[in-house]
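For reference, the structure discussed in these notes is given below.
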2 protein chains.
Amino acid sequence: MALRVRKNPAPPEPPDCPLGTCMKLLGGVWTPNLIWYLRAGPRRFSELRVDLPKISAKVLTSRLRDLEERGVVSRTVRPTSPPSVEYALTPLGGELLPVIDAIVSVGGRLKALAQPRRRPSKRRVPPAN
Amino acid sequence: MALRVRKNPAPPEPPDCPLGTCMKLLGGVWTPNLIWYLRAGPRRFSELRVDLPKISAKVLTSRLRDLEERGVVSRTVRPTSPPSVEYALTPLGGELLPVIDAIVSVGGRLKALAQPRRRPSKRRVPPAN
DNA sequence: CGGGATCCTTTTTGATACTG
DNA sequence: CAGTATCAAAAAGGATCCCG
């Protein structure tokens, strides 16, 4: 081995496509929690709003739409007296559960970063003149 | 059990803390890819910039700082002729690899959503007058 | 009840330019 | 090489009003 220019020969694979595709989905603040609450079974729109009290209707709708378009959740309208809509994980959505579990598992061991972004750092002295 | 008000008794657990903590980290556009490229071994700042050609120095620095503060990567300054800095996954960071793998695995089966989010973005019509 | 449409604020990212 | 400082743009999220 003469003069190794770089220790690591090359990145194994460029995971841009699948990684990007999936993170577009899970990247939001709410999506993983949403999937978490759907794992126990189908849930209605308003139940989800109770599960995640801080989410706004708009965002919840938006996330559910994304998940639906990607085949992760199914949307079932039931013509009851007050109309109700049920969301449920599809089999494909079920494949996301191990991901969520892994995230939760590791998340518990991560340092929680006391101050999100403290930066007094180099406060430029305002010119006195 | 008389009159079940809701089908699903209750959400199993509220994973807000670990889930939120971890997603704060993985939620970004670049972080998962960054970890991907670090998995093969330590890598220098400029190598990472080659691995991810589209990332800006600022964002790369920012992500690396986050990962460092949470104990996911280590930062090693080596006083070589041109100074070089090596980033590497810590053992804790290694625990994130299964997560990444799972994401990639599922990501490949997700529908890619033909139009991610077409938004001609309300190009404010410049007033013709 | 279950959303769609707007408008607005906060957070993230990108593009440069500059420094040790 | 390895960043930091600043500003501008974009995206994500939230608030509100309205509709079937």
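By convention in this document, chain letters (A, B, ...) are assigned in the order of the sequence lines, proteins followed by strands, and residues within each chain are numbered from 1. Side chains are part of it too, since the values below use all heavy atoms of this structure and drop only hydrogens, waters and symmetry mates.
To the nearest 0.5 Å, atoms CG (N33(A)) and CG (D51(A)) are separated by 9.5 Å.
T61(B) pairs by the side chain to side chain contact (heavy atoms under 4.5 Å, CB included) definition with F45(B), R65(B), not counting sequence neighbours. Residues satisfying the side-chain hydrogen bond (donor to acceptor under 3.5 Å, both in side chains) criterion with R75(B), sequence neighbours excluded, are Y87(B). Every side chain to side chain contact (heavy atoms under 4.5 Å, CB included) that S56(A) has, sequence neighbours left out, goes to K58(A), V59(A).
A sub-4.0 Å separation between OP1 or OP2 of dA2(D) and a side-chain N or O of R75(B) is absent. R44(A) has no side-chain polar atom (N or O) that falls below the 4.0 Å cut-off from OP1 or OP2 of dC1(C). Note on Y87(A): every side-chain N or O is 4.0 Å or more away from OP1 and OP2 of dC1(C). Between dG13(D) and R63(A), a contact under 4.0 Å exists linking OP1 or OP2 to a side-chain N or O.
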**OP:** Could you encode protein contacts along nucleotides 14-20 of chain C as a string, one character per nucleotide from 5' to 3', using B for base contact, S for sugar-phosphate-only contact and - for no contact, with a heavy-atom cut-off of under 4.0 Å?
**Re:** BB-----
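At a threshold of 4.0 angstrom between heavy atoms, the contacts of R65(A) are confined to the sugar-phosphate backbone, with no base atom among them.
By the 4.0 Å N-to-carboxylate-O rule, R78(B) lies close enough to E86(B) to be salt-bridged with it.
When the C1' atom of dG4(C) is taken as reference, atom CG of L64(A) falls 14 Å away, rounded to whole Å. Atoms CZ (R43(B)) and P (dC1(D)) sit 14 Å apart, rounded to a whole Å.
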Distance-only check: which donor-acceptor pairs under 3.5 Å involve side-chain atoms of residues 93-105 of chain B, not counting sequence neighbours?
unit_1, atom_1, unit_2, atom_2, d
E95(B), OE1, R109(A), NE, 2.8
E95(B), OE1, R109(A), NH2, 2.2
E95(B), OE2, R109(A), NE, 3.4
D101(B), OD1, R39(B), NH1, 3.0
D101(B), OD1, R39(B), NH2, 3.4
D101(B), OD2, R39(B), NH2, 3.2

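The C1' atoms of five pairs define one axis at each end of the helix from dC1(C)-dG20(D) to dG20(C)-dC1(D), and these two axes lie 40° apart (to 10°).
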